[in-house]
Amino acid sequence: MTSLFAGVSLLDRAQSRLGSPEERTLQDVIVRARRAERLGFRRFWVAEHHGVPGIAGSAPAVLAAAVLSATTTIRVGTGGIMLPNHQPLVVAEQAATLAALSGGRFDLGIGRSLGFTQAVRAALRTGKEEADRFGEDIAELLAFLGGTAPITARPQDGGRTPVFVLATGRGVDLAAEAGLAVVLGGPALFRDSQPALDRYRASFRPSAWWDAPHVTASLNVAVAGTTAAARRLLLPEARALAVSRTRGYFPPLEAADGPLSAREEGLVGESLATAVYGTAPEVERQLAELKDRTGVDELLVSGGAFDLEAQAASDEMLAALTLR
């Protein structure tokens with residue numbers, strides 16, 4: 001399996017768990033990052049969500065700094081910082097500072113998603129206009145990081161920090177034009193990713209950040225002793241996501257198997273259909289099929305679990321499977 005991917009990494013969204021304080025959630029992220037480093041994962045990334053009841057990770061630069069200070073070798077990054085919510089100069093300064101403090105272990109993943117609700121978007125003072133500026137914001141960000149902007153962002157980064165684009169819509173094309181790596185996930189990875197990947201690879205322009213196209217696949221992965229146990233590990237997040245799409249809020253993860261509407265049950269099935277889970281041989285086969293179909297370079301494992309012990313076991317089995 002080591003020949004399949006150039007690296008295997010973890011993305012932790014700091015999802016909270018029913019009955020557990022958010023402070024504990026953030027500490028659990030640190031614990032998992034240390035374990036990821038011990039197991040040999042290549043990167044450990046954190047995300048940005050605002051005003052979400054079930055997610056404690058709202059400040060990725062701050063959380064990444066905490067993870068960097070608690071680790072020594074693993075690369076740490078953001079998956080991602082949402083550019084519509086921030087000034088490109090501020091993002092460049094944060095990235096350059098984290099890279100300087102960590103000996104260059106920081107990865108900058110950026111995206112264009114807006115806040116989940118209108119109230120959140122109003123609080124962030126963002127909207128469609130800011131999202132539509134994504135291409136311009138990327139250009140400004142890279143100018144600040146590369147030292148070609150009208151002012152010098154400090155500490156000076158010199159284009160050393162790797163930049164990844166969380167690709168949605170035209171993000172794939174923007175990444176190719178700017179010479180950046182892409183992270184592709186969600187249903188698109190399973191349904192219709194090939195045209196976008198072919199377009200990205202064909203139109204990629206080498207840059208100071210990447211001299212060749214680089215694609216990371218992000219998807220939920222769970223490994224357990226049985227297929228049913230692996231499925232149970234992914235079920236709390238799938239149920240929370242279904243609730244978010246039907247009731248307008250993403251709740252904390254919970255173990256209880258409460259009632260869902262018919263539509264929510266269907267959404268749970270859709271989520272699980274775009275995940276990789278099962279026993280070690282089953283997961284190995286599914287990942288090999290993903291690699292054969294898409295040719296992705298790296299694997300970024302997402303997905304939160306209510307059962308932290310089972311999640312730790314899954315991380316360990318995945319490492320044994322992919323990093324041997």
(request) Would you kindly confirm whether V223 and F41 end up in one hydrophobic cluster when ILVMFWY residues are joined by side chain heavy atoms under 4.5 Å apart? (result) yes

Which heavy atom of [X] sits nearest to which heavy atom of [Y], and what is that distance?
{"X": "V221", "Y": "L318", "answer": "CG1-CD1, 4.1 Å"}
{"X": "A176", "Y": "S203", "answer": "CB-OG, 3.4 Å"}
{"X": "G79", "Y": "A47", "answer": "O-CB, 3.6 Å"}
{"X": "P84", "Y": "T126", "answer": "O-CG2, 2.9 Å"}
{"X": "A64", "Y": "V46", "answer": "N-CG2, 4.0 Å"}
{"X": "L18", "Y": "P252", "answer": "N-CB, 3.8 Å"}

(message) I need the single residue from R17, Q15, E23 that forms a side chain to side chain contact (heavy atoms under 4.5 Å, CB included) with D28. Which is it?
(response) R17

(request) Mind jotting down which residue pairs meet the ring pair (Phe, Tyr, Trp, His ring centres under 6.0 Å) criterion with at least one end in residues 200-238? Sequence neighbours excluded, please. (result) F164-W210, Y200-F204, W210-H214

Please determine, by modelled atom types, if [X] and [Y] share a side-chain donor-acceptor pair under 3.5 angstrom.
{"X": "T71", "Y": "R105", "result": "yes"}
{"X": "E130", "Y": "H86", "result": "no"}
{"X": "S16", "Y": "E22", "result": "no"}
{"X": "E282", "Y": "T227", "result": "yes"}

(request) Going by the side-chain hydrogen bond (donor to acceptor under 3.5 Å, both in side chains) test, name the single residue among R112, R125, E48 that passes it with N85. (result) E48

(request) Kindly indicate, with the supporting measurements, whether the criterion salt bridge (charged side-chain N to carboxylate O under 4.0 Å, His left out) is fulfilled by E37 and R75. (result) CA-CA 9 Å; E37 180 174 69; R75 298 195 63 83; over 6 Å; no

(request) Show your reasoning for whether side-chain contact (heavy atoms from CB on, under 4.5 Å) applies to L272 and L234. (result) CA-CA 7 Å; L272 295 177; L234 296 177; 3.9 Å; yes

(message) Run the side-chain hydrogen bond (donor to acceptor under 3.5 Å, both in side chains) test on D198 and Q194 for me, step by step, so that the C-alpha distance in whole Å, both residues' side-chain angles and the decisive distance to 0.1 Å come before the verdict.
(response) CA-CA 6 Å; D198 290 344; Q194 204 55 50; 2.9 Å; yes

